[in-house]
Each structure stands twice: as C-alpha cells, then as structure tokens.
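Since the structure comes first, as structure tokens, the remarks are kept for the end.
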There are 2 protein chains.
Amino acid sequence: MESTLHTRQKLDETDLAIIGRVEEDFDVSLETLADELDLSKSAVHYRLNKLKDSGVIKGVSADVDPLAFGLEMVAITDVSVTHESGYSENIGEELNELAGVERVYYTMGDVDFVVVSRVQTRDQLNDLIDQIVALEGVNETSSKFVMQEFDADSSLVSNLTDEARQAVLDASKR
Amino acid sequence: MESTLHTRQKLDETDLAIIGRVEEDFDVSLETLADELDLSKSAVHYRLNKLKDSGVIKGVSADVDPLAFGLEMVAITDVSVTHESGYSENIGEELNELAGVERVYYTMGDVDFVVVSRVQTRDQLNDLIDQIVALEGVNETSSKFVMQEFDADSSLVSNLTDEARQAVLDASKR
DNA sequence: AATGAAATCGACCAGCA
DNA sequence: TGCTGGTCGATTTCATT
C-alpha cells in the first residue's frame, strides 16, 4: 500500500538528527551540532536554513514557564454547538481568541470542541467559561480540572514511532 | 483579597514585552528588539539572560511542522483507570512515553487522563490505542478524531487576561 | 550540497549610575 | 541591580567547488 505521505521537503537521517536536537534546545551552538554529527559548521547551518525556508521548521520560540505568570490552573472544556447554523467554522476561532485559551480542537463526535485553557484563579476560569457560553451558537459546556500535566517531551521527532520515522525517510528516497 | 501569586522573578512591562516577542519569534535580532523597546542591545541581552537564568524562559526550541512528517492525524483519547491500586501516578508517565503521544492531562472527574496524540495513519492510531489499553491499570478508553486545530497563538503573554497581566505586574511591585 | 573566508551579530565583561 | 560601551567569539553570508 502506497504511503499517503507527500513530503514537501526531503529529509535524511542527518536532518532528523538536527531537527530533533534544535526541537529540544535551539540554544545549542553550531559547533556542538557539527561535532555531534561529524559535519562542518557551515553544513549544519546550510541545512538549518533549508529546513527553515522549506517550512519544516516553522519558527523558533522561547518557552515560557506558565508558573512564572502564576498560571497554575489548567482546565479542559468540552463545548457542544448548535448545528443548525454554519457557525461552527467561526466558533473555533472565537474560542481560540479568548484570553486564557491555549488550544482548541474541533472534533468528530458528540462534543464539538475541546478547549484547553490556562488561568491564574478559579474566578478567571469562571469568567472564561461564561464567555464561552455567551458565544453565539454554543449549546453546552462541561469542564474538568487538570491535576497534572505530562508534556516533558515536546519533540516531534523523538515522538515518532519507528514506523512513522521510516515513512518520513522513505518518502525522501525518490 | 490577597493574590496567591508568588512570583519567583519580578517582571515589569519591558520584561513582558521582551517575553511576548521572543515567545512568538526568537529569531528576532537584539538590535530590532532594542529599537522597538528603546533600549540598548546590552540591556535587552541582560534582561534575556536574567529571564533564562530565573527560569521564566525555560528554553528556546524550534517549532516543527507536523505535516512535514506526515503527521496529519490528531486524536483525543479519554482514559479511565482502575482506582484500587496506586497505579495512577505511573500511568501518566507511561502514557506520555508512548510514541505518538503529544500531551497527557490527568484530570478530576469521571475520565482520569486525556491523551492528545499525533500520528500518520489510522493504523498507527489503532496501534497506539491498543498500547494504551494494554497498560496495567487502564480500564477503558474513548477516542475522538480531531478535524481541526486552533493553536495559532502560542504566546502566553498575549494570552493573559488584562486581570492576569495586572496580577503579574502587581506581584513585582514589592 | 558543502566549504572557507569575510562581514555581521551576539555574548561577555569591567565599570558606572 | 540595571545598564553602558567595547572586545571577543560565534554566526551568517557569499563566492567557489
């Protein structure tokens, strides 16, 4: 069976190694990377640039500790919407733009949206849920508190199954 | 009412401006930042270092496009566990370490874990769910497909409510 | 696609308010 | 403690292979 993986950019093991590294820590020096990969600094830099230009690396960002802002409370809110109108396309955007909302998923199933939000206090969470309910087209919400988060491994490459990793490499062999 | 916000690091408006900027794009030059904030390059650099040392900025990482790896499928899986044993502490870690699992939340409520996973194919998702079910202590799972994601705004500072933002600044005035 | 040299930018330091 | 200006080292760029 033919893989449906249509790679915009051919990637080899070296690319995956570079990506995996800078995904965890972009503050690694070119020299360290070059040493680890047995490449010249220029070669590493060349590949990094290509990965950025081709969009494989969408950008570089600082990771901020939510606790430094007192954002100690995380909630997951299931939102169901009325399906009669064509609202659902906009509602996702509206949810995403509410202050405190970190991530919005539009899902198949009885629940339409899953909203992950991060706030400082219960009051802020209540306000947020009120705002969600007030959105036009929102039918019902149900929230649960998050007691603990596990997201230590934010790296996509280290998170690939062997099969998935192979599919990426195979797609580049053409 | 006294805020429970115990800030490790005092933050002023300039800090928030810097953080907000590098959270979106760390590839901005010191000079650009300095110009935008009417500061010297050294001052910006000094503050950035302090923010890193104090842990407000946990690190810098490259953001990789999942689609470049063919990871076009996202699922949210609710996992309930048997509560008799003390397994639940470990199960979170075990879930998080499964290949394809992006994020794990341990929640209060009838569902115990919410697992967000990203894979290439339905087969990979089936495998993953099989692995989840096979974990000792896992009772029941229920998955839904994600049709669309909204996470354009990955910046914590731009995501703060006015109230939350004020709480951060106020906590530093002491 | 990768290299080495030249130009540019960021990291660090001593000193100052 | 926060910032300055200058130096050194690292990164980016580019002509070349």
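Bear in mind that the values here come from a model prediction, so they are computed numbers and not experimental data.
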Just verifying a value: how many Å separate [X] [atom1] and [Y] [atom2], rounded to the nearest 0.5 Å?
X	Y	atom1	atom2	result
L16(B)	L169(B)	CG	CG	5.0 Å
E13(B)	R165(B)	CD	CZ	7.0 Å
D127(B)	L98(B)	CG	CG	11.5 Å

ask   = Between V74(B) and L125(B), is there a shared hydrophobic cluster once you connect ILVMFWY residues whose side-chain heavy atoms come closer than 4.5 Å?
value = no

key: Linked, directly or transitively: I91(A) and I76(B) (ILVMFWY side chains, under 4.5 Å)   = no

How long is the line joining [atom1] of [X] and [atom2] of [N], in whole Å?
X	N	atom1	atom2	answer
L39(A)	dA1(C)	CG	P	13 Å
K41(A)	dA6(C)	NZ	P	15 Å
L37(A)	dT3(C)	CG	C1'	17 Å

request  = Return yes if some donor-acceptor pair links the side-chain N/O of D78(A) with the main-chain N/O of V111(A) below 3.5 Å, else return no.
outcome  = no

note = So ring-ring contact (aromatic ring centres under 6.0 Å, His included) across residues 97-117 of chain B, not counting sequence neighbours, yields Y106(B)-F113(B)

note = Residues pairing under ring-ring contact (aromatic ring centres under 6.0 Å, His included) where one sits in residues 14-59 of chain A, two or more places apart or in two chains, turn out to be none

query = Going by number, which of residues 12-20 of chain A have a non-hydrogen atom under 4.0 Å from DNA chain D?
reply = none

message = Does anything in residues 45-53 of chain A come within less than 4.0 Å of DNA chain C? Heavy atoms only, and list the residues if so.
response = Y46(A), R47(A), K50(A)

ask   = With a 4.0 Å cut-off on heavy atoms, is S42(B) in touch with a base, just the backbone sugar-phosphate, or nothing at all?
value = base

Sequence neighbours excluded and cut-off under 3.5 Å, please list the side-chain donor-acceptor pairs for residues 136-146 of chain B, or say none.
residue: E136(B); atom: OE2; partner: Y87(B); partner atom: OH; Å: 3.4
residue: S143(B); atom: OG; partner: T77(B); partner atom: OG1; Å: 2.9

key: Nucleotides bounding contact with chain B, strand DNA chain D, heavy-atom threshold 4.0 Å   = dT1(D) to dG6(D)

ask   = Where is the tightest heavy-atom contact between S54(B) and L51(B), given as atom of each residue plus distance?
value = OG-O, 3.3 Å

